[in-house]
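Numbering of residues begins at 1 and proceeds along the displayed sequence. Note: hydrogens, waters and symmetry copies are ignored here, and every other heavy atom, side chains too, is used. Values in this document were obtained by computation on a predicted structure and should not be read as measured data.
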Amino acid sequence: MKADLETPRIDRGLDDVYVKETKICFIDGEQGRLLYRGYDIRDLAEHSSFEETVFLLLQGRLPNRAELERTKSELAAARTLPPSVLKLFRSMPEHAAPMDVLRTAVSYLSGFDPERADSTRAANMRKAMRLVAQLATIVATYERSRKGQRVLRPDPKLGHAEDFLRMITGKRPSPERARMMDVALILYADHAINASTFGAIVAASTLADLHSTVVSAIAVLKGPLHGGAIEAALSAIEEIRRPEAAEEYVVNALRNKQKIFGFGHRVYKTYDPRALMLKEYARKLGDLQGDSTYFRIATAIEETVVRELASKRIYPNVDFYSGLVFHGLGIPSDLFTPVFAVARVSGWTAQVMEYWEDNRLLRPLDWYVGPKDLEYTPLDERA
Ligand SMILES: CC(C)(COP(=O)(O)OP(=O)(O)OC[C@H]1O[C@@H](n2cnc3c(N)ncnc32)[C@H](O)[C@@H]1OP(=O)(O)O)[C@@H](O)C(=O)NCCC(=O)NCCS
């Protein structure tokens, strides 16, 4: 620690601070490129599945056919939750936010994990698979339980994304919709040391267990500057209602110094490649539904923001069009951020396990600017 006479440089927001090396995720914010383990996200979106991407993130390489089949079976088998989770859901306050329920349920499930006392890498790898499998079932089960609908058991014959969507909506999605869900999960699976991953790593650095790191990440993801932006972006679209009203809405919001949710990024200074792919899905879903009003509002917002904020290099981020895609797939808006977590848990656990390979307690400094010589006043003498 430095002697305290000279004010140190304070890195508010840690914008340019590197805290670790990684081989998991690379973002080129200037070119709009995103790689998982060296593979371009566009290739993964075209050719991979969520299960394969989970293997890639956790194991560091693409699986062969037998390994992929094993990954699928392992995830499918782990999707079933202990029955008492339903009791937990029913004991939650009415109208509990799904993100709060998800965070609570992951905490709760930590006590049921068969390897809760084992923190070896092999046990953590198995726990990571269980967490990836279970988060999907938690979100879907809570959705149906809170609405008084029949809770659907996981179907191990279906892929992760397809089964997740089926368990939420109550009907098996078309192959096209199942594939959109699958790709959305791939696109959300990791994004380097973003705020929630950093939250997970702070917890990991104390050698807390894997479940605790995921609880920490879910807590951080909830805020509207991070995962909460998806819901906020769709709310704006709903509020605008007509494509012709979008430009005025954006111009007024910017004049009032409001942020437009789903735009801007700490790292991307151009189009987020994930946003471009999700925009295409949002367009397709609008066409499939025979109503592209929301899509047209969204593109009008995009045009205005990109034009008005050109000098600040603000473009749509992943959360702008994903809300439209999730909405089009029949997912209620307060589940958008939980769906983000359902995908990102693969990245969180991969990143945490990588961090543990060279762990160091994260313990930054803050610069004290308060008084130092106050005299203690006894309680009776205070005004
Ligand atoms: C994500 C975000 C927090 C990253 O931004 P950041 O690196 O902290 O950058 P700042 O918030 O300091 O923004 C830099 C400038 O661009 C403006 N800006 C950034 N995002 C903006 C947005 N979505 N709408 C309007 N203005 C925006 C800021 O007002 C600021 O302007 P100023 O320099 O005149 O004060 C920010 O873009 C944001 O709040 N976006 C909306 C929330 C969102 O979509 N989050 C999901 C991220 S994946």
Side-chain angles (χ1 to χ4, degrees), residues 11 13-29 34-39 41 44 50 53-63 71 102-103 106-107 109-110 113 115-135 185-223 225-227 265-267 318 340-366:
D11 287 301
L14 305 179
D15 294 30
D16 297 315
V17 178
Y18 289 83
V19 296
K20 65 182 182 74
E21 287 185 346
T22 184
K23 290 181 177 157
I24 298 178
C25 185
F26 172 73
I27 307 169
D28 181 340
L34 169 61
L35 314 179
Y36 294 168
R37 299 281 189 186
Y39 295 98
I41 193 69
L44 294 172
F50 180 63
T53 301
V54 169
F55 184 100
L56 174 68
L57 289 171
L58 288 169
Q59 304 283 352
R61 60 179 174 81
L62 288 170
T71 303
L102 179 63
R103 199 186 53 233
V106 173
S107 251
L109 284 173
S110 66
D113 196 278
E115 294 176 287
R116 61 192 165 279
D118 189 346
S119 286
T120 56
R121 187 175 161 78
N124 279 330
M125 200 57 96
R126 291 187 290 272
K127 281 189 218 179
M129 293 294 280
R130 283 194 282 278
L131 280 160
V132 170
Q134 288 172 335
L135 259 70
L185 294 184
I186 294 171
L187 299 182
Y188 269 111
D190 194 58
H191 209 230
I193 192 159
N194 55 83
S196 56
T197 302
F198 188 56
I201 285 173
V202 172
S205 80
T206 70
L207 300 184
D209 61 283
L210 194 64
H211 281 75
S212 299
T213 68
V214 171
V215 172
S216 170
I218 294 171
V220 178
L221 181 66
K222 188 182 176 191
L225 295 188
H226 192 6
H265 201 275
R266 183 62 63 80
V267 184
V318 65
F340 184 153
V342 162
R344 185 60 57 86
V345 62
S346 54
W348 290 331
T349 48
Q351 296 269 358
V352 160
M353 282 192 282
E354 183 187 68
Y355 191 76
W356 276 332
E357 284 168 21
D358 185 22
N359 189 67
R360 181 163 170 80
L361 178 72
L362 279 162
R363 203 305 187 188
L365 297 173
D366 50 1

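- Considering all non-hydrogen atoms of both residues, Glu115 and Arg126 come closest at OE2-NH2, 2.6 Å.
- The side-chain heavy atoms of Leu361 and Thr206, taken from C-beta on, include a pair separated by under 4.5 Å.
- Listed by chain and residue number, Asp15 satisfy the side chain to side chain donor-acceptor pair (under 3.5 Å) test with Arg266 (two or more places apart in sequence, or in another chain).
- Formation of a donor-acceptor pair under 3.5 Å by the Tyr39 side chain with backbone atoms of Arg61 is not found in this model.
- With sequence neighbours left out, Phe340 forms a ring-ring contact (aromatic ring centres under 6.0 Å, His included) with Tyr188, His226.
- Within the model, atoms CD1 of Ile41 and OG1 of Thr53 stand 7.0 Å from one another, a figure rounded to the nearest 0.5 Å.
- The distance from the CD1 atom of Ile218 to the OG1 atom of Thr213 is 9.5 Å, given to the nearest 0.5 Å.
- The two residues Leu44 and Ile186 make their nearest non-hydrogen contact at O-CD1, 3.8 Å.
- Arg130 and Asp113 are joined by a salt bridge, as a carboxylate oxygen and a charged side-chain nitrogen come within less than 4.0 angstrom of each other.
- Screening residues 342-351 for salt bridge (Lys or Arg N to Asp or Glu O under 4.0 Å) gives no qualifying pairs among residues at least two apart or on separate chains.
- Every side-chain contact (heavy atoms from CB on, under 4.5 Å) that Leu58 has, sequence neighbours left out, goes to Val54, Met125, Ala128, Met129, Thr349, Ala350, Met353.
- Residue Asp358 qualifies as open at atom CG: its count of foreign heavy atoms under 6.0 Å is 12 or below.
- Listed by chain and residue number, nothing satisfies the salt bridge (Lys or Arg N to Asp or Glu O under 4.0 Å) test with Asp366 (two or more places apart in sequence, or in another chain).
- Taken from CD1 in Ile24 to CG in Leu56, the straight-line distance is 10.0 Å, to the nearest 0.5 Å.
- One finds the CG atom of Asp209 at 11.0 Å from the CZ atom of Arg116 (value rounded to the nearest 0.5 Å).
- Atom CZ in Arg103 sits 11.0 Å away from atom CG in Leu221 (nearest 0.5 Å).
- For the pair Val132 and Val345, the tightest heavy-atom approach, listed with the atom from each and the gap, is CA-CG1, 3.7 Å.
- His211 meets the ring-ring contact (aromatic ring centres under 6.0 Å, His included) test with no other residue; sequence neighbours excluded.
- In this structure, a donor-acceptor pair under 3.5 Å is present between the side chains of Ser196 and Trp348.
- Rounded to the nearest 0.5 Å, atoms SG (Cys25) and CD (Gln351) are 7.0 Å apart.
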